[in-house]
Amino acid sequence: MTTDRADEILAAWDELARSARARHKPARMRSKFQLPGGALVLGSIVLALALAQPLLRPGSPLTPASPASSSPVGQSGSAGPTEAEPSTTPTGAGALETPKPYEATFGPVFAAAPASQQFVRVDDAVLSDDSLMLTITFVGGAGYTRAGFCSSDYAPWVGATGDELDVAVAVVPHPDQATGPPNVGCADIGHGYTYHLRLAAPFAGSTVNDLAGGTLWVREPTGLVTIGALPRGWELRLAEDVPGAQPPLWARVYAPAGKAIQAPNLGPGQLDLYQAFGAPTNIGGGSQRQDVFVNDAPAVLLHDPDLGEWLLQWVVAGDGVALVGNEADLTLDQFLDIARAIEPAT
Amino acid sequence: LVDVFRSVSFEQAATVSAETAFDRAFEAHWNDVFRFALAWTNDWGAAEDVVQETFVRLWRHRKVVDWSTEIRPWLIVAARRVATDRFRALRRRLRGASPLPSLTEDTVDRWIDTRRAMAHLSPLERTALILTAVEGYGSAEAGALLGTSPGAVRSAASRARAKLLVAQ
């Protein structure tokens with residue numbers, strides 16, 4: 001039997017890929033009660049808390065009556081661990097310190113400025129129905145303990161700028177935090193945090209500026225372009241911001257009525273319309289480029305022959321616009337006709 | 001009041017069950033999803049990121065996923081969607097992730113050679129070839145996972161093999 005060059009490459013690929021191992025499972029995904037009988041785990045937590053009580057720093061969420069020493073942002077007395085994670089970190093002679101929780105409530109009083117100028121990017125922001133609670137999520141390091149040299153302390157902050165909100169998650173420096181042994185790094189483990197920020201007054205606007213960079217919308221932004229033509233039977237199925245996009249983007253997904261839509265950017269069967277505000281959309285796409293005009297405006301058309309995807313980007317009244325369609329649903333002419341029917345906000 | 005407690009207990013029981021199922025899926029299919037992601041991205045670090053995000057999605061959907069059916073197809077389709085998310089790729093670029101975060105020194109060179117050869121193929125060609133020639137999927141099964149027709153899979157795999165034969 002002869003082995004050709006392709007088989008050699010595939011065999012090498014197979015062997016290498018087989019050797020890959022999961023580096024970790026994010027902490028939020030670990031089962032809370034994996035041991036037989038959750039009471040055993042809960043019991044160990046209670047014991048750990050009892051041991052740790054004298055060592056809890058003022059401001060720990062477990063000491064609600066005290067001001068937060070590490071979080072000068074008005075952490076609420078209701079803050080407390082919401083995950084029964086049995087992780088405690090030894091400090092000193094066998095004592096235990098409970099990590100700060102991954103979910104907590106803060107406000108409504110916040111300091112005049114964030115706790116530091118080192119920010120973590122906020123992934124999502126959701127406003128409560130009464131507009132008085134902003135819930136933010138972000139990914140950070142392990143919950144802070146003084147002895148945990150891989151742990152991190154975060155303090156959320158909210159401030160108002162006109163009819164917009166500024167939000168920040170600041171990394172709180174701790175000079176007394178333990179340092180790791182030489183040549184020992186920290187595992188690249190992401191922990192999902194959820195912070196609920198009580199607002200002093202209902203927020204009536206839509207724009208939330210993350211001081212780490214980026215914009216999140218908690219309501220539909222104003223000044224959206226209109227789309228005047230769609231394939232027969234298609235309708236708006238989803239409208240949301242694009243987490244982490246730079247520049248900030250608002251996405252609308254159009255699809256046949258009744259078709260399940262979970263997110264933009266899922267391939268055939270839908271049209272995605274992205275809008276940036278005062279900037280080009282700057283979206284990457286297929287490798288085949290064509291320069292075209294849309295209503296006399298220069299536009300770039302990218303085609304991905306593998307996915308059958310069309311991506312058209314141009315500027316409408318100062319705002320970058322991107323339209324994504326698929327040749328499985330539309331001819332190029334039909335796709336361009338839809339683009340031509342996109343007009344500035346009225 | 002009794003009914004309220006009863007419903008909470010049932011809900012908690014269901015949650016524990018879903019979490020256990022998730023743990024099993026993670027242990028059983030991490031490498032399957034990684035291999036698919038590696039075939040699609042041809043980037044070791046990006047593939048690890050895709051797997052991570054895929055399992056985050058499974059975790060978020062753990063209460064609505066039908067655990068009575070095989071979960072691997074769900075994971076592969078989710079991984080494809082994550083891998084083709086252009087914003088995820090953009091975020092990754094902005095973050096400046098390390099290109100080879102978990103390879104040992106003695107495998108880095110082999111991977112670089114293999115990746116160079118595979119770089120001649122498009123994501124669809126690479127994945128079609130890996131799924132059919134290495135993972136043993138039929139073209140219909142592979143097509144379902146890739147969101148394309150069996151014919152397109154056969155054609156992509158054939159093109160891929162021809163390109164690899166002359167790859168340096």
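Chain identifiers are assigned alphabetically (A, B, ...) following the order of the sequence lines, protein sequences preceding nucleic acid strands; residue numbering begins at 1 within each chain.
If you take CH2 on B/Trp111 and OG on A/Ser19, they are separated by 10.0 Å, rounding to the nearest 0.5 Å. Summarising the geometry, atom CD belonging to A/Glu15 is positioned 9.5 Å from atom OG1 belonging to B/Thr114; distances are rounded to the nearest 0.5 Å. Put simply, CH2 on A/Trp13 and CZ on B/Arg110 are 13.5 Å apart, with the number rounded to the nearest 0.5 Å. Distance CG/A/Leu10 to CG/B/Leu129: 4.5 Å, rounded to 0.5 Å.
Of the candidates B/Leu164, B/Leu165, B/Asp113, A/Ile9 forms a side-chain contact (heavy atoms from CB on, under 4.5 Å) with just one, namely B/Leu164.
Counting heavy-atom pairs closer than 4.5 Å to chain B, the top-ranked of the candidates A/Ala17, A/Ala11, A/Gly308 is A/Ala17.
In this structure, the side chain of A/Asp14 does not engage the main chain of B/Val134 through any donor-acceptor pair within 3.5 Å.
Heavy atoms closer than 4.5 Å to chain A are found nowhere in B/Ala162, neither backbone nor side chain.
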